[in-house]
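First up is the structure itself, then whatever we jot down about it.
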Amino acid sequence: MSDLESQIRELILRAPSEVMDQRVQSVLMATDAAGAVVRKPESMPGCRLTGSELSDGAEPAESRPRLRRDIAATVVCLIAAASLLIGIAIGRGLPTSTRNADAAQAAFSESFAVSAGEIQPGSGDASQIAESVSLSLRDAVVNWEQQTGQIFNVATHVHDRRFNMCRECHRIGG
Amino acid sequence: MRGELEQLYCQHRQTLFSLALTVTGCAGLAEDAVHEAFVRLCRQQVRPEGSLSAYVFSAVRNAAIDCRRKQVRQQNLAESVFVRTADRRGDAANSDESSEQLSRLSILIDALRESAREIIVMKTFGNLTFDEIGQVLGTPGATVATRYRRALIKLEEQLRRDA
């Protein structure tokens with residue numbers, strides 16, 4: 001250290017007033033108090049359990065909203081299950097006419113397929129006719145005439161061996 | 001961190017005030033700056049990396065610069081950071097040669113550029129290293145060392161000239 005530096009060190013700095021010390025100390029103290037609150041939230045009265053809560057074995061206050069959420073979810077699940085069961089019961093209680101119609105349709109299709117198979121095995125006519133009947137009888141006839149080049153005889157078609165399906169239809173529908 | 005700040009304040013309160021006074025040129029503003037700096041420092045949750053001393057000095061300097069900017073300069077604010085020899089020893093001691101030289105020295109330091117005064121205050125009275133001062137001023141430590149030496153040379157020349 002040079003002489004000049006030593007001389008500079010001999011100089012006396014102006015001292016701040018006590019007011020500055022008090023202001024800064026108050027800031028530091030306030031920070032310390034705030035830090036204690038942050039570090040120890042359990043020390044706050046609102047977060048502490050009372051003696052009665054502890055002796056009754058009550059859950060902490062923070063778990064109560066969770067319990068409410070669990071109850072709400074259970075209720076929603078029960079309502080959904082009940083709705084499902086009611087829907088199934090209503091479905092089973094529907095009028096039987098619809099089911100009969102479905103059964104009749106299935107029986108008709110089955111008999112029609114069987115009879116069509118008896119017409120001309122291997123010719124493919126039966127399947128074509130069966131397909132065309134699903135459209136309409138008139139369309140089926142037109143389709144058959146276009147594909148075979150023959151004329152469909154309305155008067156004799158019920159007795160024609162080629163049209164067993166027609167006999168089945170007439171037997172069912174009259 | 002609060003404990004460290006408290007310790008730093010107790011250790012460097014006078015130097016921090018002098019640094020602020022060097023920037024503001026007004027004792028009242030310097031006290032405001034120190035207070036404002038510690039308010040800002042106490043808001044921080046994380047301890048800064050590196051030298052905490054340099055960080056605190058830097059905070060005080062920045063607060064002092066802010067105070068100086070806010071101040072409407074209707075008068076020349078150039079209060080000395082030193083206690084004049086006459087103020088502390090009385091008129092009877094004014095004849096002392098060394099005290100006169102110290103008084104001259106303080107006047108010469110006050111006449112230096114602000115950056116040079118800051119470095120002298122932090123180096124001589126705050127015992128900060130050149131790197132720490134560089135951290136405060138935002139300049140490399142080597143640059144701070146060069147400025148410090150130049151300031152000392154300039155002071156020596158002026159003292160020799162006056163003698």
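A note on names: the letters A, B, ... follow the listed sequences, proteins ahead of strands, and every chain is numbered from 1.
A:L4 CG to B:E156 CD: the interatomic distance, rounded to the nearest 0.5 Å, is 5.0 Å. To the nearest 0.5 Å, the span separating SG on B:C42 from CE on A:M29 amounts to 11.5 Å. For the atom pair OG (A:S26) and CZ (B:F38), the distance works out to 12.0 Å, reported to the nearest 0.5 Å.
Without hydrogens or angle criteria, A:Q7 side chain to B:L105 main chain gives no donor-acceptor distance under 3.5 Å. For the pair A:E10 (side chain) and B:L102 (backbone), a donor-acceptor distance under 3.5 Å is absent.
Crowding of A:E18 atom CD: a count of heavy atoms from other residues, nucleotides or ligands under 6.0 Å not exceeding 12. Atom CZ of B:R113 has 12 or fewer heavy atoms from other residues, nucleotides or ligands within 6.0 Å. Counting non-hydrogen atoms of neighbouring residues, nucleotides and ligands closer than 6.0 angstrom, the CD atom of B:Q7 reaches no more than 12 such neighbours.
Only the side chain of B:L21 comes within contact range of chain A, with heavy atoms under 4.5 Å apart. In this structure, chain A has no heavy atom under 4.5 Å from any part of B:L16.
Per-residue heavy-atom pair counts under 4.5 Å with chain A were compared for B:E6, B:R13, B:R43, B:K123, and the maximum is reached by B:R13.
Taking all atoms of both residues into account, the shortest heavy-atom contact from B:Y9 to A:M20 is OH-CE, 3.3 Å. Here the closest non-hydrogen pair linking A:R14 and B:F17 is O-CD2, 3.4 Å.
The shortest side-chain heavy-atom distance between A:I8 and B:L152 falls under the 4.5 Å cut-off. Looking only at side-chain heavy atoms (C-beta outward), A:I12 and B:F82 stay at 4.5 Å or farther from each other. In this structure, A:R23 and B:V39 have side chains that are not in contact, with every pair of non-hydrogen atoms separated by 4.5 Å or more. Using a 4.5 Å cut-off on side-chain heavy atoms (C-beta onward), A:L11 and B:T124 make no contact.
Checked against B:H35 for a side chain to side chain contact (heavy atoms under 4.5 Å, CB included), the options A:D21, A:V19, A:V27 give a single hit: A:V27.
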